[in-house]
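Each remark here refers to the structure printed beneath this line.
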Amino acid sequence: MNKKIRFGVVGLGHIGSRHAKCILNNPHSTLSALCDIKNLSTWKNEHNDIPYFSNLQDLLLEDLDVVNICTPNYLHAPMSLDVLSNGKHVVI
């Protein structure tokens, strides 16, 4: 398999940042998009080549294979359903 898996991460708190770093360190994946309503500044400064979004709907317009949902627990189900209805895989 030569094609890298394209990931998006939603929620860049402690867990989301760990997910994003693991994706960046995996030679078979690429971090293609990030989404958070408030924690983007740190990631923007360090990774300005990755598109950033403040809402899930805009992130879902990107060409992604998998979206990692790293938001508070009560948002997991509705966000995952949005991701799945857009034909992408989801990691919670």
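Just so it is clear, the structure is predicted and the values come from calculations on it, not from any experiment.
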Grab the two heavy atoms, one from Lys4 and one from Pro27, that are nearest each other, plus how far apart they are.
-> CE-O, 3.2 Å
Using the side-chain contact (heavy atoms from CB on, under 4.5 Å) rule, pick out the option among Leu75, Leu56, Asn68 that qualifies with Val10.
-> Leu56
Decide yes or no for Cys70 and Leu12: does some side-chain heavy atom of the first lie under 4.5 Å from some side-chain heavy atom of the second?
-> no
Is the backbone N or O of Ile37 less than 3.5 Å from a side-chain atom of Ser54, with the two atoms forming a donor-acceptor pair by type?
-> no
Taking a hydrophobic cluster as the set of Ile, Leu, Val, Met, Phe, Trp and Tyr residues connected by side-chain heavy atoms closer than 4.5 Å, whether directly or through intermediates, do Leu81 and Tyr74 fall within one such cluster?
-> no
Just do the salt bridge (charged side-chain N to carboxylate O under 4.0 Å, His left out) check on Lys88 and Asp65 with the steps written out, would you?
-> CA-CA 5 Å; Lys88 298 170 187 346; Asp65 300 306; over 6 Å; no
Backbone N/O of Val66 and side chain of Arg6: donor-acceptor pair under 3.5 Å = no
Main-chain N/O of Asp82 paired to Ser85 side chain as donor or acceptor, under 3.5 Å | yes
Nearest heavy atoms of Ser32 and Ile50, plus distance in Å | C-CG2, 4.0 Å
Apply side-chain contact (heavy atoms from CB on, under 4.5 Å) to Leu31 and Val9, showing your working.
-> CA-CA 8 Å; Leu31 185 56; Val9 175; 3.8 Å; yes
Find out if a path of hydrophobic residues (ILVMFWY) with successive side-chain heavy-atom gaps under 4.5 Å connects Ile15 to Leu34.
-> no
Just by modelled atom types, is the Leu60 backbone N or O under 3.5 Å from a matching donor or acceptor in the Asn86 side chain?
-> no
Are Ile5 and Thr30 close enough that some pair of their side-chain heavy atoms sits under 4.5 Å apart?
-> no
Can you tell me if Ser29 uses its side chain to pair, donor with acceptor, with the backbone of Ile23 under 3.5 Å?
-> yes
Heavy atoms, side chains only, cut-off 4.5 Å: are Phe7 and His19 in contact?
-> no
Is the backbone N or O of Thr71 less than 3.5 Å from a side-chain atom of His76, with the two atoms forming a donor-acceptor pair by type?
-> yes
With the side chain counted from C-beta on, respond yes when Val67 and Leu59 share a heavy-atom pair under 4.5 Å apart, and no when they do not.
-> yes
